[in-house]
Amino acid sequence: MNNASAVQRSEGVWRIAWRRFRGDRVGMISLVVVCGFLLLIAAAASGIVAKDWQRERAVPNAPPGFMGPAAAEAASVIEGPKGPPVDLSDIDPLAPRYKEWAERAAKLHTTEEAKALTLPLGADHFGRDVLAKAIKGTQVSVFVGVLAALLATVIGTLLGALAGFFGKRVGDFLEWLYNVFTAVPDILLIFAFAAVMGRGVSTVVLILALTGWTGLYRQVRAEFIKHSSREYVRAAEAIGASSGSRMFRHILPNVSHVILVRMSLLVVGFIKSEVILSYLGLGVPVDQVSWGTMLAEAQSELILGHWWQLATATVFMATFVTAFSLMADAWRDALDPKLRGAE
Amino acid sequence: MLAYVIRRLWQMVPTLLGVVLLVFLLFHYFGSDPSVIMAGQNATPEQIAAIRQQLGLDQPAYVQFWIFLKQIATFDWGRSWATNEAVSSLFRTRMPATMTVMLPILIMDTLIAVPIALGVAYVRGSLTDRTLMVVTTVALSISFLVYVIVGQYVFGFQLGWFPVQGWSDSVATNLSTYVPLPVLLAVMVGVSPQTRLYRSFFLDELGQDYVRTARAKGMREGAVLFKHVLRNAMIPILTNVGLALPGIFVGSFLIEVFFSIPGLGREVLLAVNRSDYPVIQAATVYLAMLTMLINLATDLLYTVVDPRVVLK
């Protein structure tokens, strides 16, 4: 085309959305917060921070720095014996070997690590740094949420695209599958999967994805039904584009904003589910740390008045989830104003 | 009406078969071998073989599926592998405790969320509305777990207003003593999302032409809100309550575990931890049935709430 430069190019949907998003102050602030968390997670994953979160750095349940060290426990009530020790060596059968043992013990070197009395955000009942745990926990929890949401999105998009594009038999079959998965209450479905699949981080991701794809499927299907009869898709068909090409090269980019919004809502939901599952003993195993396992530990600590682990995990989680939901809301408003109100 | 109900019931059959198939495949092909679970750690191969035969696991898959279908149809799931209690009696004895907690939660959630939502939708955009939206966003981002941990500590342990946990045989004692704390905490968590959702329903209705007409003919605001808007928003609200209704039968697992309430939710969780397959399978299949029936009942209720709705 010769006059291509003369034709004014219309602005792309992403560019328009970005312009709208930039005008949204709440959205921008939450984007910055989420990016900050992502940097923290990258740092934790690469071992720059919180690498030795399992090291017992402080005395058990050391309070946060601003509270000062814990008051010393009241001294033992039973008084020690007074007077010189009684000499038992002539009747003690082990007496001849004490010297030998003492020599052997002297050969072993033990280093006494100085345990801190306070840490910036306190320590848990093993003396592990709560701040390091929270950072590492952020990495695991967000990883679980994001990966499960990605997986659920792939499943939902693929099935939704097939159902919406082909309809007929394929559509009927997938609708049946959808009905089956939504007939069982969510949490029960998660439990049934958990019962057969064992425990572990990858299992949690898989369970959440396998039970959480239905809402996204429904929406993608509706979008594909709408789009598959549009002119641009018919035109693509006329020039010989295959079904796969029409589905994923022509239609998918045009509905990707819907998918993105849905996926970000899934992330928030999955992060919350991980916490509950970990508490119930079906989630992240005990040798790893997540917000869920931190909160589960915090229950017994709170009774003893050690509130700092609970507070730290709650603040980390609430900040991330609030920022992420507000960001998702802003994305939704920027990308597809029609979706407003859909939770 | 009757024809509609019959047709809907008929349509449930394939879905229900799907659920049964899903549960069967899940436990048959992905679950570990039940005979190994049941025999324990020091079992001889003969013992395992005996259990396999007893459970019918040595039969071909289609025979096992047939046995599974028969169990569902006759409501006879045999006995729990872990406690040897009949599965049917397990359901009968655990269900009341679950309902005692969950029914008040659902009712209070709705009764509190609807007026607040109507109120803030009416003053949309005002400081009250925006403040409430921010508060609910933050409230929503705190885990349910934190609410129950802190709530139990503050109200049960520190202030001593409620017992920390417990349960009795008398419904009246349960309702007056043990239920209030879990209900209070669950309602605190549940009201936020409900309010946001109902607010959006009311906003949709408040923008309709009939509201302007009602105002134009000089109706009082109260009448506009409660006679017109509320009535019209009943359908989405009813749908939402209908969606929450199956949940009251399984209960909130977290609440039952946390407050040691001997309900169905805790029982199912115990079953998951003990790999007690019959209990999980029965719970999944029957809850699916119940969910479908409740959906049907909700659809039928639409005609009562809104005479314009025609079932077809």
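Residue numbers begin at 1 in each chain, while the letters A, B, ... track the order of the sequences. Worth knowing before you read on, the calculation uses all heavy atoms, side chains too, and leaves out hydrogens, waters and symmetry mates.
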inquiry  = side-chain contact (heavy atoms from CB on, under 4.5 Å), that's the test. Do B/Leu17 and A/Val180 meet it? Break it down for me.
reply    = CA-CA 8 Å; B/Leu17 266 177; A/Val180 168; over 6 Å; no

Taking all heavy atoms of [X] and all of [Y], pick out the closest pair and write down the distance.
{"X": "B/Leu269", "Y": "A/Leu280", "result": "CD2-CD2, 3.8 Å"}
{"X": "A/Ala318", "Y": "B/Ser141", "result": "O-OG, 3.5 Å"}
{"X": "B/Ser143", "Y": "A/Leu295", "result": "CB-CD1, 4.2 Å"}
{"X": "A/Leu302", "Y": "B/Tyr153", "result": "O-CE1, 3.1 Å"}
{"X": "A/Phe191", "Y": "B/Val268", "result": "CD2-CG1, 4.0 Å"}

query = Which residue out of A/Thr322, A/Ile276, A/Leu326 racks up the most heavy-atom pairs below 4.5 Å with chain B?
reply = A/Thr322

key: When A/Val321, A/Leu189, A/Val315, A/Thr182 are compared by non-hydrogen pairs under 4.5 Å with chain B, the top option   =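 Max contact count across the listed options: A/Val321.
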
Where on [X] is there a heavy atom nearer than 4.5 Å to chain B: the side chain, the backbone, both, or neither?
{"X": "A/Phe181", "answer": "side chain"}
{"X": "A/Ile271", "answer": "neither"}
{"X": "A/Ile303", "answer": "both"}
{"X": "A/Leu177", "answer": "neither"}

Proximity breakdown for B/Gln152 and chain A, heavy-atom pairs closer than 4.5 Å = side chain

message = Heavy-atom cut-off 4.5 Å, strictly under: side chain, backbone, both or neither for B/Ile149 against chain A?
response = both

task = Would you mind reporting whether A/Val275 and B/Val146 have side-chain heavy atoms less than 4.5 Å apart?
result =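 B/Val146 vs A/Val275: side chains apart.
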
query = Can you tell me how far the CG atom of B/Leu287 sits from the CG atom of A/Leu188, to the nearest 0.5 Å?
reply = 5.0 Å

query = Going from CG on A/Asn179 to CG on B/Leu16, what distance comes out if it is rounded to the nearest 0.5 angstrom?
reply = 11.5 Å

request  = Starting from the C-alpha separation in whole Å, work towards a yes-or-no answer on side-chain contact (heavy atoms from CB on, under 4.5 Å) for B/Ile142 and A/Thr314.
outcome  = CA-CA 7 Å; B/Ile142 296 171; A/Thr314 307; 4.0 Å; yes

request  = Walk me through it: do B/Thr291 and A/Val184 pass the test side-chain contact (heavy atoms from CB on, under 4.5 Å)?
outcome  = CA-CA 7 Å; B/Thr291 309; A/Val184 185; over 6 Å; no

query = What do the steps show when you test B/Leu140 against A/Lys272 for side-chain contact (heavy atoms from CB on, under 4.5 Å), and what is the final call?
reply = CA-CA 10 Å; B/Leu140 264 172; A/Lys272 287 189 193 168; 4.0 Å; yes

request  = Please check if atom CH2 in A/Trp176 has more than 12 non-hydrogen atoms from other residues, nucleotides or ligands closer than 6.0 Å.
outcome  = yes

request  = Please say whether more than 12 non-hydrogen atoms of neighbouring residues, nucleotides or ligands are located less than 6.0 Å from CZ in A/Phe143.
outcome  =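 No, not enclosed.
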
message = I need the residue from B/Leu290, B/Leu145, B/Val257 with the largest number of non-hydrogen atom pairs under 4.5 Å to chain A.
response = B/Leu145

